[in-house]
Trainee: 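Dumping the structure here so I can ask a few things about it.
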Amino acid sequence: MKRHFGKRLYTAAKKFYLFVPGVFSKKSGFSFKLKKNATTNRTVNAIKEPLQAGDKVRVLSLDEIEATLDEDGKTKGCVFMKAQEKYCGSVQRVFKSMERFVDERDFNVKKCKGMVLLEGVMCDGTEVFGRCDRSCLLFWREEWLEKL
């Protein structure tokens with residue numbers, strides 16, 4: 001962390017992290033509460049076994065996925081795109097679990113947890129730009145999938 005911040009900012013951040021007890025330490029006893037969604041009666045952000053390559057999954061229905069999204073249409077920073085709606089309710093196979101990816105907006109490698117790629121599930125383009133032949137794999141949060 002010291003490498004990314006200057007000495008002054010590092011010292012300020014260190015004081016802040018020490019001031020907020022438990023948020024950044026496993027030893028502090030900090031725990032978050034799981035909340036039930038009233039419409040689907042599912043536990044949101046539940047901790048479960050990570051998905052592996054080859055696992056069969058069912059993509060949740062659009063209503064169930066929308067229940068996990070915030071006001072910006074994201075779950076833990078990952079946007080649910082219009083192109084993903086057609087796969088709701090279908091059974092798919094996990095292609096691979098993601099640990100990192102290149103963000104093409106700033107060309108930085110970013111780390112991620114709880115995201116997978118599904119076999120043969122690709123983007124066809126967007127409404128704004130039209131059809132695209134690039135065939136990018138879509139990012140799926142594990143919260144949007146149910147292991148079979």
Trainee: Please test Trp140 against Val121 for side-chain contact (heavy atoms from CB on, under 4.5 Å), starting from the C-alpha separation and ending with a verdict.
Mentor: CA-CA 10 Å; Trp140 293 89; Val121 178; 3.6 Å; yes
Trainee: Among residues at least two apart in sequence or on other chains, which ones pass salt bridge (charged side-chain N to carboxylate O under 4.0 Å, His left out) with Arg134?
Mentor: Glu104
Trainee: With Val79, which residues qualify under side chain to side chain contact (heavy atoms under 4.5 Å, CB included), at least two apart?
Mentor: Lys74, Met81
Trainee: What's the shortest heavy-atom distance between Glu143 and Leu60, and which atoms?
Mentor: O-CD1, 3.3 Å
Trainee: With sequence neighbours left out, write down each residue that passes ring-ring contact (aromatic ring centres under 6.0 Å, His included) with Phe101, or none if nothing qualifies.
Mentor: Phe139
Trainee: Considering residues at least two apart in sequence or located in another chain, which fulfil the side chain to side chain contact (heavy atoms under 4.5 Å, CB included) criterion with Asp55?
Mentor: Leu51, Gln52, Val94, Lys147
Trainee: Listing request: all ring-ring contact (aromatic ring centres under 6.0 Å, His included) pairs with a residue in residues 51-78, at least two apart in sequence or in separate chains.
Mentor: none
Trainee: Do you know which two heavy atoms are closest between Gly54 and Arg93, and how far apart they sit?
Mentor: O-NH1, 3.0 Å
Trainee: Listing request: all ring-ring contact (aromatic ring centres under 6.0 Å, His included) pairs with a residue in residues 102-122, at least two apart in sequence or in separate chains.
Mentor: none
Trainee: Taking side-chain hydrogen bond (donor to acceptor under 3.5 Å, both in side chains) as the test, write out the residues that go with Asp103, two or more places apart.
Mentor: Arg105, Lys110
Trainee: According to the ring-ring contact (aromatic ring centres under 6.0 Å, His included) rule, which pairs have a member within residues 53-74, sequence neighbours left out?
Mentor: none
Trainee: Search all heavy atoms of Ser135 against all heavy atoms of Met122 and return the closest pair with its distance.
Mentor: CB-SD, 3.4 Å
Trainee: For the residue pair Leu148 and Val91, establish whether any side-chain heavy-atom pair is separated by less than 4.5 Å.
Mentor: yes
Trainee: Do you know the tightest heavy-atom contact between Val59 and Cys88?
Mentor: CG1-CA, 3.8 Å
Trainee: Can you run down the ring-ring contact (aromatic ring centres under 6.0 Å, His included) pairs that involve residues 65-99, sequence neighbours left out, and say none if there aren't any?
Mentor: Phe80-Trp144
Trainee: According to salt bridge (charged side-chain N to carboxylate O under 4.0 Å, His left out), who are the partners of Lys82, at least two apart in sequence or on a separate chain?
Mentor: Glu85
Trainee: Nearest heavy-atom pair of Met115 and Cys78: which atoms, and what distance?
Mentor: CE-SG, 4.0 Å
Trainee: Excluding sequence neighbours, so at least two apart, what forms side-chain hydrogen bond (donor to acceptor under 3.5 Å, both in side chains) with Gln92?
Mentor: Ser90
Trainee: Would you please name every residue forming a salt bridge (charged side-chain N to carboxylate O under 4.0 Å, His left out) with Asp72, sequence neighbours left out?
Mentor: none
